[in-house]
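Quick note on labels: first sequence line is chain A, next is B, and so on, each numbered from 1. Side chains included, hydrogens not; waters and symmetry mates left out as well; all remaining heavy atoms used.
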There are 2 protein chains.
Amino acid sequence: MTAAAVPAPPAPLTHAQRDAPRDESAYGRLRSMIASGELAAGSWLREANLAERIGVSRTPIREALSRLAAEGLVELSRNKGAQVVDFSPEDVAGLYDVRAGFEPHAVLLSVPNLTDEDVVELAALSARMEAVVANGGDMEGLSALNAAFHGIFIERCGNRHVATALQAVMRPAVVAHTFRKYSGEALRRSMQHHAELVAAAEARDGEWAEAVMRTHILAARNAAGANPSTR
Amino acid sequence: MTAAAVPAPPAPLTHAQRDAPRDESAYGRLRSMIASGELAAGSWLREANLAERIGVSRTPIREALSRLAAEGLVELSRNKGAQVVDFSPEDVAGLYDVRAGFEPHAVLLSVPNLTDEDVVELAALSARMEAVVANGGDMEGLSALNAAFHGIFIERCGNRHVATALQAVMRPAVVAHTFRKYSGEALRRSMQHHAELVAAAEARDGEWAEAVMRTHILAARNAAGANPSTR
DNA sequence: TCACAGAAAGTTGTATGCAACCCATTGACG
DNA sequence: CGTCAATGGGTTGCATACAACTTTCTGTGA
């Protein structure tokens, strides 16, 4: 990818950041229900049922479903309804393959653009994630922090459309699911990658950060049970 | 990017293909109105107004707008409405940069997977595009054919999420706008690229195709008035 | 027993009405 | 004259009602 000398855009917040912790909208509620597995993959989503569970009418449910469909989290069948997309191991592998091919380069571009405040925030997010892991749980919260961490690099790469493209393959549901499948060791290693990314960012060493990010994503692909040898 | 050995998925048709020529739904109508410039970039979209122009009630309009917002074609402001996103030259450059970094690799992966029928279809699409250019016009139709042409490569690359990610940066409105800005010479050169891609596909030479595609996209970036020297 | 037609139930797609909210104008007051 | 509050028009957000479609069940006939 050629470096686009786009002057830092007006901070297009990612979905994961904008409505990460508590989004009371029907869209946010549904998304978190999918991410948590409360709505199982492959299951049919009945609008009336969801409306009652969330406590709104069908109208906002329908808008949320169409938005989720555009993001690829659910699949709509005309006059038949929506179902949560079921990610096969091959699908998950494909998602991480795209990220592995894309995100490290975005990191390479972004490191020179990072402000001191960015680095401080990266360090803080890394520390918070380690704390969550130490307290042993809340994989959904961890997933949100992780999205914010990665989002900083992506937003600073100088091309806001990189975020657009990557968002399509950073499905919260899949990431949360991956975290849940992590072994204790894999989880600790993942946190170490974050710490090393912070170190590379502090050193403003883009190539180092690029390499760490590639490692990080390929390790995640493996932890998701989708390493090349098994498929 | 590592090649994902995903066994050709059940043909997830792209939006551009599924509803390219005539989509009578409110979503399709709105999308084509934006692509054609009938709804100017930056202008506010009033739901009641659109509903009347298209001849439906506000409900399907609202769903279409939220879907278009998820795709990044319009921007929603809560309680204020939607406006067509305005792509600055830097934005357009960023879009083509992402494509330049991504799509050639997808082509490299896809060429070995192309069936004879795929190659025939590619040749047919290329011929149809040349015919449209020879008849001198219908940039919207050309844009649809172009999307189908590129879509074949993307769908055959063995990773359906590549399509998901690329779709986010292949905005029909931008592509159509780029075509409109093409000079006659740039347009003919673009068609030549297509023909050369067909030749590379017939020869099953992935690296050749990859190189042509990279050329093709960078030429498009330049034609869009966004070559690096000018920004 | 099986196949098929018909009806009935359930679900989605659309239209409409009303409340909440934003914005601009206007008027009064300092 | 400038500032600020009230008010009105206009738009969006949500709830509800109804129409259209899909699926399933049931009953009849071979």
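- A heavy atom closer than 4.0 Å to some atom of DNA chain D occurs in B:L45, B:R46, B:E47, these being the qualifying members of residues 41-52 of chain B.
- Ring geometry for A:F149 against A:H194 counts as tilted: the plane angle lies between 30° and 60°, on a 0 to 90° scale.
- Under a 4.0 Å N-O distance rule, the pair A:E63/A:R67 does not qualify as a salt bridge.
- DNA chain D is contacted by B:R78, B:N79, B:K80, B:G81 of residues 75-82 of chain B, taking any non-hydrogen atom closer than 4.0 Å.
- The distance from the CG atom of B:L65 to the OH atom of B:Y27 is 11.5 Å, given to the nearest 0.5 Å.
- Counting heavy atoms from C-beta on, the side chains of A:V92 and A:R221 never come closer than 4.5 Å.
- Looking at heavy atoms from C-beta onward, B:D91 lies out of side-chain contact with B:D86 at the 4.5 angstrom threshold.
- A 4.5 Å side-chain heavy-atom check between A:L45 and A:Q83 finds every atom pair outside the cut-off.
- Take A:R46 and apply the salt bridge (Lys or Arg N to Asp or Glu O under 4.0 Å) test, not counting sequence neighbours, and it matches no residue.
- Side chains of A:N146 and A:S143: a donor-acceptor N/O pair is absent below 3.5 angstrom, by distance only.
- Taking 4.0 Å as the cutoff to heavy atoms of chain A, we find the contact window on DNA chain C bounded by C:dT11 to C:dT14.
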Give the intermediate values and the outcome of salt bridge (charged side-chain N to carboxylate O under 4.0 Å, His left out) for residues A:K80 and A:E75. CA-CA 11 Å; A:K80 284 184 58 181; A:E75 195 168 350; over 6 Å; no

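- For DNA chain D, the contact window with chain B, defined by any atom under 4.0 Å from a protein heavy atom, covers D:dT11 to D:dG13 in 5' to 3' order.
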Below 3.5 Å, can you tabulate the donor-acceptor pairs from side chains in residues 125-133 of chain A to any protein atom, sequence neighbours excluded?
none

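- Contact of the B:H150 side chain with the B:E103 side chain is registered, since non-hydrogen atoms from C-beta on lie closer than 4.5 Å.
- Here CG of B:N159 is found 12.0 Å from OG of B:S110. Values are rounded to the nearest 0.5 Å.
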